[in-house]
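Here is the structure we will look at, set down as structure tokens.
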Amino acid sequence: MANWLLKSEPTVYSFDQFLADGTTYWDGVRNYQARKNLRAMKKGDTAFFYHSNEDRQVVGTAEVTREAYPDPTDDTDEWVVVDIKPLKRLVSPVSLHQFKMDSVLKHSALVRQSRLSVMPLDPAQAKRITELASA
DNA sequence: GCCAACGTTGGC
DNA sequence: GCCAACGTTGGC
């Protein structure tokens, strides 16, 4: 089972809204690398939910419930979405600053490729986020 | 609000 | 196919 990180601006779509919705499709991806990652997501995979801009921290987890299918908000049929449902809110959110300070997480795509919105995490990185989140 | 990083577009 | 111009993202 793979681990992913999804970015969202809290003013556009927050984790609170996601919890209220119960499920959502992850739309609006218009970047080839992000699309490649979306297509690689499998049902049952875990995704960490990161608030960009104002918040700049990982605030919760989600599970992939449906693999990539055409983005309903896209007329060109070129882009895809996945369905996800919330798992839980983190006890302690993990900030971008913590990522940069951490010997494992500083190598993650979140730090190295700040503009990528859908990115993979390796097992060590996912484990480390979980550790920090429950501390 | 500014700016760096980076992706896309279009002229040649 | 190259590269300058431009637009967008996201951290600070």
Side-chain angles (χ1 to χ4, degrees):
Chain A
M1 196 188 73
N3 294 280
W4 308 92
L5 188 144
L6 299 172
K7 267 190 201 176
S8 183
E9 295 184 43
T11 54
V12 176
Y13 193 77
S14 67
F15 193 70
D16 282 344
Q17 184 63 50
F18 182 35
L19 284 172
D21 289 349
T23 184
T24 194
Y25 55 83
W26 202 256
D27 67 350
V29 169
R30 298 289 183 271
N31 169 284
Y32 293 111
Q33 200 179 347
R35 185 180 69 183
K36 179 167 81 66
N37 292 332
L38 276 183
R39 283 181 170 154
M41 293 170 92
K42 296 294 176 197
K43 193 174 177 179
D45 282 357
T46 301
F48 291 88
F49 196 109
Y50 175 82
H51 279 168
S52 62
N53 291 333
E54 290 81 16
D55 217 21
R56 272 172 273 127
Q57 55 189 5
V58 179
V59 292
T61 54
E63 181 183 326
V64 178
T65 55
R66 184 180 173 189
E67 295 172 14
Y69 61 97
D71 186 339
T73 68
D74 170 38
D75 293 335
T76 68
D77 235 25
E78 194 183 345
W79 303 99
V80 299
V81 298
V82 296
D83 285 355
I84 55 173
K85 68 174 183 189
L87 288 180
K88 59 173 187 171
R89 187 193 300 277
L90 300 185
V91 176
S92 315
V94 182
S95 69
L96 180 62
H97 182 250
Q98 284 176 281
F99 269 66
K100 289 183 173 176
M101 293 298 108
D102 188 85
S103 61
V104 173
L105 296 178
K106 71 181 178 188
H107 301 296
S108 67
L110 184 67
V111 176
R112 306 183 74 142
Q113 267 184 281
S114 66
R115 293 186 55 194
L116 187 60
S117 60
V118 180
M119 66 191 77
L121 295 170
D122 67 31
Q125 292 163 353
K127 179 163 172 284
R128 188 73 186 119
I129 296 172
T130 303
E131 284 169 5
L132 291 171
S134 54

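Below, chains carry the letters A, B, ... as their sequence lines are ordered, and counting in each starts from 1. Just so you know, these numbers use all the heavy atoms, side chains as well, and skip hydrogens, waters and symmetry mates.
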Problem - Difference in axis direction between the ends of the helix from B/dG1-C/dC12 to B/dC12-C/dG1, five pairs, 10° - result: 10°
Exercise for the section: Could I get the full list of side chain to side chain contact (heavy atoms under 4.5 Å, CB included) partners for A/Asp27, not counting sequence neighbours? Expected result: A/Tyr25, A/Asp71, A/Thr73, A/Val81
Handout entry: Residues which pass ring pair (Phe, Tyr, Trp, His ring centres under 6.0 Å) with A/Tyr50, listed by chain and number, not counting sequence neighbours
Key = none
Handout entry: Cluster companions of A/Val91 among Ile, Leu, Val, Met, Phe, Trp, Tyr (side-chain spacing under 4.5 Å)
Key = none
Handout entry: Between C1' of C/dC12 and CG of A/Asp55, the distance in whole Å
Key = 15 Å
Handout entry: A/Glu9 CD to C/dG10 P, straight-line distance once rounded to whole Å
Key = 6 Å
Exercise for the section: Send over the distance from A/Asn53 CG to B/dG1 P, rounded to a whole Å. Expected result: 14 Å
Each nucleotide N or O in nucleotides 4-9 of chain B that has a protein N or O under 3.5 Å away: list the pair and distance.
{"residue": "B/dA5", "atom": "N3", "partner": "A/Arg115", "partner atom": "NH1", "Å": "3.3"}
{"residue": "B/dC6", "atom": "O4'", "partner": "A/Arg115", "partner atom": "NH1", "Å": "3.3"}
{"residue": "B/dC6", "atom": "O2", "partner": "A/Arg115", "partner atom": "NH1", "Å": "2.0"}

Fill in the blank from the handout: Whole-Å distance, A/Tyr13 OH to C/dG10 P, equals 17 Å
Exercise for the section: Sequence neighbours left out, what passes ring pair (Phe, Tyr, Trp, His ring centres under 6.0 Å) with A/Tyr13? Give chain and number order. Expected result: none
Completion exercise
Residue set satisfying side chain to side chain contact (heavy atoms under 4.5 Å, CB included) with A/Ala126, at least two apart, ordered chain then number -> A/Asn3, A/Phe48
Exercise for the section: Report the distance from atom CE of A/Met101 to atom P of C/dG11, rounded to the nearest whole Å. Expected result: 15 Å
Fill in the blank from the handout: The side chain to side chain contact (heavy atoms under 4.5 Å, CB included) partners of A/Thr11 (sequence neighbours excluded) come to A/Glu9, A/Glu54
Practice task
Any pair with a residue in residues 39-49 of chain A that passes side-chain hydrogen bond (donor to acceptor under 3.5 Å, both in side chains), sequence neighbours left out, goes on the list, sorted by first then second residue, please.
Solution key: A/Trp4-A/Asp45
Practice task
Could you tell me the separation between the CG atom of A/Leu132 and the CG atom of A/Asp102, rounded to the nearest 0.5 Å?
Solution key: 5.5 Å
Handout entry: Between C/dG10 (C1') and A/Leu96 (CG): distance, integer Å
Key = 10 Å
